[in-house]
Amino acid sequence: MNRHLISAGDLSKDDALLILDTAEELAAVSERSIKKLPTLRGRTVVNLFFEDSTRTRISFEAAAKRLSADVINFSAKGSSVSKGESLKDTALTLEAMGADAVVIRHGASGAPHRLANWVRGSVVNAGDGTHEHPTQALLDAFSMRRRLGSLEGRKITIVGDVLHSRVARSNVLLLHTLGADVTLVAPPTLLPVSIDTWPCQVSYDLDAVLPKSDVVMMLRVQKERMNAAYFPSEREYSRRYGLDRDRFAKMPDDAIVMHPGPMNRGMEIAAEVADSPRSTIVEQVTNGVTIRMAVLYLLLGGESA
Ligand code: CP
């Protein structure tokens with residue numbers, strides 16, 4: 001494995017399977033009453049968050065603590081970033097405190113890549129702008145594998161705001177590496193211009209794709225990143241691209257529904273679909289801790305659990 005985890009596209013099939021298999025072994029730790037291993041004792045993990053997060057920030061902290069690492073949580077709000085301190089100077093300050101790994105979420109695509117040039121420790125991308133979120137893709141693949149078995153040849157449909165979604169890009173790259181067959185469904189206005197270069201198919205007709213899907217992953221409509229009108233109205237978006245009860249009924253009986261969270265309930269996904277037994281949304285959060293344990297373990301600790 002590389003020293004850093006910046007893009008899902010940097011993972012070979014062997015790398016990805018090693019992370020998934022290591023997570024499978026570590027999942028047993030999360031099910032014990034004492035959820036702790038001594039593996040990373042004496043190592044320091046810095047969580048550097050310049051953008052809001054609930055799941056990713058908390059799960060990286062829980063993962064590092066379950067492996068007995070020391071954890072420093074940095075949030076841009078309330079830090080010297082408000083006084084104009086640069087990412088480089090912030091990183092060097094944290095480096096001086098002895099960071100072995102820096103987990104970074106940043107609004108600028110490419111920030112983790114820059115950071116990797118400035119620090120000696122491992123850099124883990126926890127979401128950079130509209131670019132990538134590789135540990136989300138890993139936890140999604142892990143969640144799919146736990147429900148469905150091997151992903152080889154599985155039909156995965158990813159629906160919604162692909163244009164603003166780092167989750168979609170990382171998932172397409174990783175799922176392709178793992179041998180899955182990915183279809184993106186979105187309005188033309190919410191697809192990036194470079195979509196032809198992605199290793200997946202594109203459709204505009206959700207109703208046609210649903211009956212052939214093993215997995216349907218709904219994406220959050222990222223209103224906070226929209227500086228223009230990408231669709232006529234929320235109602236219209238929901239009518240064409242939302243996963244409601246009628247559409248859910250068109251999916252095969254054993255197909256699952258995913259969402260990375262946070263959700264706009266009632267817009268991209270109906271509440272009763274999100275809460276159904278075929279939804280993995282809560283499992284994805286649990287699996288996020290396990291996958292991040294595996295990533296930190298393999299970057300800082302060793303080759304196998
Ligand atoms: N899925 C995800 O990245 O969620 P958070 O923004 O809450 O971390």
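Counting starts at 1 for both ligands and their atoms, following the listed order. Not measured: the values here are computed from a predicted model.
Residue Thr54 approaches ligand 1 through these ligand atoms, each under 4.0 Å from one of its heavy atoms: 5 (P), 7 (O), 8 (O). Applying the 4.0 Å criterion to heavy atoms of Thr56 picks out, from ligand 1, the atoms 2 (C), 3 (O), 4 (O), 5 (P), 8 (O).
For atom 4 (O) of ligand 1, the closest non-hydrogen atom of the protein is Arg55 NE, 3.1 Å.
For the residue pair Asn2 and Asp10, no side-chain donor N or O sits within less than 3.5 Å of a side-chain acceptor on the partner. Counted by atom type alone, Asp15 and Ser12 present one or more donor-acceptor pairs between their side chains at under 3.5 Å.
Among Arg105, His259, Arg220, the residue whose heavy atom lies nearest to atom 6 (O) of ligand 1 is Arg105. If you check each of Gln284, Arg166, His133 against atom 3 (O) of ligand 1, the one with the closest non-hydrogen atom is His133.
Phe50 and Phe74 have tilted rings, their planes meeting at an angle from 30° to 60° on a 0 to 90° scale.
Considering backbone and side-chain atoms alike, Arg57 places every N or O at 3.5 Å or more from each N or O of ligand 1. Between Pro260 and ligand 1, at least one pair of N/O atoms sits closer than 3.5 Å.
At least one test fails for Arg105 against the ring of Phe49: distance under 6.0 Å to the centre or angle within 45° of the axis.
Using a cutoff of 4.0 Å between basic side-chain nitrogens and carboxylate oxygens, Asp161 and Arg220 are not scored as salt-bridged. A salt bridge between Lys155 and Asp214 is absent, with no side-chain N of the basic residue lying under 4.0 Å from a carboxylate O of the acidic one.
Heavy atoms of Gly127 stay at 4.0 angstrom or farther from ligand 1.
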